[in-house]
There are 2 protein chains.
Amino acid sequence: MNINEIARMAGVSRATVSRYLNDGYVSEEKRDAIRKVIERTGYVPSSQAQTLRTGKTKLVGVIMPKINSESVGRMVAGISEVLKDSGYQIILANTDNHEAEEVKYLKVLAEDQVDGIILIGTVFTPSHLKVMRDLRVPLVILGQSLEGYSCVYDDDYHSMLEMARLVLTHSHRPAFLGVTEKDESAGAARAKAFSDACAEAGIELPKGAMNSGEFTIDSGYSMAERVLRRIPDVDAFVCATDNIAAGAMACLRDQGRSVPGEVQVTGVGDSRLAHVVTPTLTTLHYYYRTSGAEAAKLLVSMMAGEDVVSREIKMGFDVVRGGSTL
Amino acid sequence: MNINEIARMAGVSRATVSRYLNDGYVSEEKRDAIRKVIERTGYVPSSQAQTLRTGKTKLVGVIMPKINSESVGRMVAGISEVLKDSGYQIILANTDNHEAEEVKYLKVLAEDQVDGIILIGTVFTPSHLKVMRDLRVPLVILGQSLEGYSCVYDDDYHSMLEMARLVLTHSHRPAFLGVTEKDESAGAARAKAFSDACAEAGIELPKGAMNSGEFTIDSGYSMAERVLRRIPDVDAFVCATDNIAAGAMACLRDQGRSVPGEVQVTGVGDSRLAHVVTPTLTTLHYYYRTSGAEAAKLLVSMMAGEDVVSREIKMGFDVVRGGSTL
DNA sequence: CCTTGGTATGGAATCGTTCCCATATCGACC
DNA sequence: GGTCGATATGGGAACGATTCCATACCAAGG
């Protein structure tokens, strides 16, 4: 069942059916005739042929470092919410934190497949930049800020600064449990905010106070273990993610240290985890879902050809006070 | 840059280039010539044109009830792992637990867009069955079992039976916190297993012992609250998901009841949550990632045309003992 | 020597749309 | 009355591949 059949059955030309389906100039009678035939046959235009002819796929590629992560999940939920209404489908590319995969997908997707790309990136290597420069479809970066590109990101620095200040009102021997500094946002920015806050409070950080690991609970556990060995009188764990904080709390529990009495703990992300640990976790709420939605909106307008001067959207944040701080 | 250009530059016909790209019969010399031109120009065949001509999209649709859920995330990770290697891309459809959306996506995706579909379903309505019956692409159902379709699912009944038996060795006033029975797997099967285990142990369940709510922590909290009012001497909460169990534990904590001393608690899913609550949660480990991978493998072979007699794969499980049971 | 089958190649049709162009009618306006 | 713009319609050329078919060469086998 194709457009020719429909045209024949409705007694009009193929071109008229096409016009009926898209925009202009079809008389009332023919319009009726075509509508009837289409209803009766349940005809749906082949999106593949449309794609070939128009060069528009109505697909958006979302490249993400890890599908089963709560923050990414929330972002994608926001993206999907917006794109659904704009008639776009999401095509998913999961890189499992493998930078090379990220570059590969950028290339493959842009080749043909999609009208636009949202990159939930972590680390930008030179080959990232190269591929991104000669991309032929609009790109929005989510979760990181990068000069010259449209991006939606969280205020990692100031939010962590505020969190650190809060902790430091009752802490003199704090330690930081973070992730790789190659990650500008979750890594470098949060670490810098922490050490700036310490400097501001006149605290000199001992060796071993700044740590870097993975985004996992296990990594949080082992970093905490290590700090407790090297700085036995540590009195606060400021963590770069809720996962890490949860790991740290597990470690403290196992070693019989009370939270927040002996050691305060804070996380980032306001994940479900934060609300079920005992005591509940003081954490930073980032508007992940909303930032996903904003990124999608931005991309939609870019794909519509409005020459959005590459925009940056910095999201707000809230400090969520749980029982893990004084 | 299209196949004609390449053909011209290599001094061969378009057909020969196409044969070079696909299978047979190209002489060594021409093969070399074509390869050189392709390397130099970086030519990549238009997948849209290929799709139009061959009818194969190299896309697989994955319909899921909720993207930011840990179990779904794990399943999708498994799917993506397998499909990546088979040259398929994933196209994502998030229904946000809206059954009508599920049906809509089944229709839309099958229309044209994808070579196969994996449905991570929850509830099957008559309109589901109707659409699924006249689908023109292979379908694999993940997480539920449905007569006549290929499916990969967990042994909800027997795993919960085992869990309930474990709890009942030290409990005489247990309650069940579940989800809607319209969900055959997570709802009906787990609830039945629980009541069967109780019957087996000679326990008569009081009114209010069987509960049904949402898949959320909050819902777990309020269900627990309600049971504590109606059955004050309840001594175990057997929950249909870890989220619900986490909510129940939060409620018990708030009401000053000790776990597992006064009330035992169990979950299902072996989520990260289960390991960070205090005490850690006794839960059922389901092989979500593996089941996603299995579903994908099944679909790949179906798409390859091997007439797989619609197969069922029932996954195994483990009981993970945490501190929340005696 | 003629047939047969494997190897190799190009021409042309095809997939199902969109959209440019040519054409036509009709009322309005100078 | 001729020109002009708006409305309406169909013919046909793309879009960029795959694939059927015809053709041709060459070695082997009877």
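The analysis underlying the following values was restricted to heavy atoms, covering all of them including side chains, and did not include hydrogens, waters or symmetry mates. Residue numbers start from 1 in every chain, and the chains themselves are labelled A, B, ... in the order their sequence lines are given, proteins ahead of strands.
The nearest whole Å value for the distance from the CZ atom in A:R8 to the C1' atom in C:dG16 is 15 Å. Atom OH in A:Y20 sits roughly 14 Å away from atom P in C:dT17 (whole-Å rounding). D:dC15 atom C1' lies 14 Å from atom CD of B:E5, rounded to whole Å. For the pair B:R14 CZ and D:dT19 P, the interatomic distance rounds to 14 Å; values are reported in whole Å. Rounding to whole angstrom units, CD1 of residue B:I3 and C1' of D:dT19 are separated by 11 Å. As a whole-Å value, the separation of B:N2 CG from D:dT18 C1' is 14 Å. Distance, A:L21 CG to C:dT18 P: 6 Å, rounded to whole Å. Regarding B:N4, its CG atom lies at a distance of 9 Å from the P atom of D:dC15, rounded to whole Å.
Residues that satisfy the salt bridge (charged side-chain N to carboxylate O under 4.0 Å, His left out) test with B:E294, not counting sequence neighbours, are B:K297. Residues satisfying the salt bridge (charged side-chain N to carboxylate O under 4.0 Å, His left out) test with B:R8, not counting sequence neighbours, are B:E5. Looking at residues two or more places apart in sequence or on another chain, you find a side-chain hydrogen bond (donor to acceptor under 3.5 Å, both in side chains) between B:Y153 and B:E312. Residues passing the salt bridge (charged side-chain N to carboxylate O under 4.0 Å, His left out) test with B:D156 are B:R190, sequence neighbours excluded. By the ring pair (Phe, Tyr, Trp, His ring centres under 6.0 Å) test, B:Y287 pairs with B:H285, sequence neighbours left out. Listed by chain and residue number, nothing satisfies the salt bridge (charged side-chain N to carboxylate O under 4.0 Å, His left out) test with B:K30 (two or more places apart in sequence, or in another chain). Residues that satisfy the side-chain hydrogen bond (donor to acceptor under 3.5 Å, both in side chains) test with B:T16, not counting sequence neighbours, are B:S13, B:R19.
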Please write out the pairs of protein N or O atoms and N or O atoms of nucleotides 4-9 of chain C separated by less than 3.5 Å, giving the distance to one decimal.
from, atom 1, to, atom 2, distance (Å)
C:dT7, OP2, B:Y25, OH, 2.8
C:dT9, OP1, B:S27, OG, 2.8
C:dT9, OP2, B:S27, N, 2.7
C:dT9, OP2, B:S27, OG, 3.3

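For residues 42-66 of chain B, the set of pairs meeting the side-chain hydrogen bond (donor to acceptor under 3.5 Å, both in side chains) definition, not counting sequence neighbours, comprises B:T57-B:D115, B:K66-B:D96.
For the helix from C:dC1-D:dG30 to C:dC30-D:dG1, the end axes, each set by the C1' atoms of five terminal pairs, are bent relative to each other by 60° (nearest 10°).
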Scan the side chains in residues 133-147 of chain B for donor-acceptor partners under 3.5 Å anywhere in the protein, sequence neighbours excluded, and list what turns up.
from, atom 1, to, atom 2, distance (Å)
B:R136, NH2, B:E111, O, 2.2
B:Q144, OE1, B:S185, N, 3.4
B:Q144, OE1, B:S185, OG, 3.0
B:Q144, NE2, B:T122, O, 3.2
B:Q144, NE2, B:D183, OD1, 2.8

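Residues A:S291 and A:M75 approach most closely at OG-CG, 4.3 Å, considering heavy atoms.
Contact check of residues 36-59 of chain A against DNA chain D (heavy atom, cut-off under 4.0 Å) returns A:L52, A:R53.
Of the possible donor and acceptor atoms, none in the side chain of B:R14 sits under 3.5 Å from a partner among the backbone N and O of B:A7.
Taking 4.0 angstrom as the limit, B:N22 places a side-chain polar atom (N or O) nearer than this to OP1 or OP2 of D:dT18.
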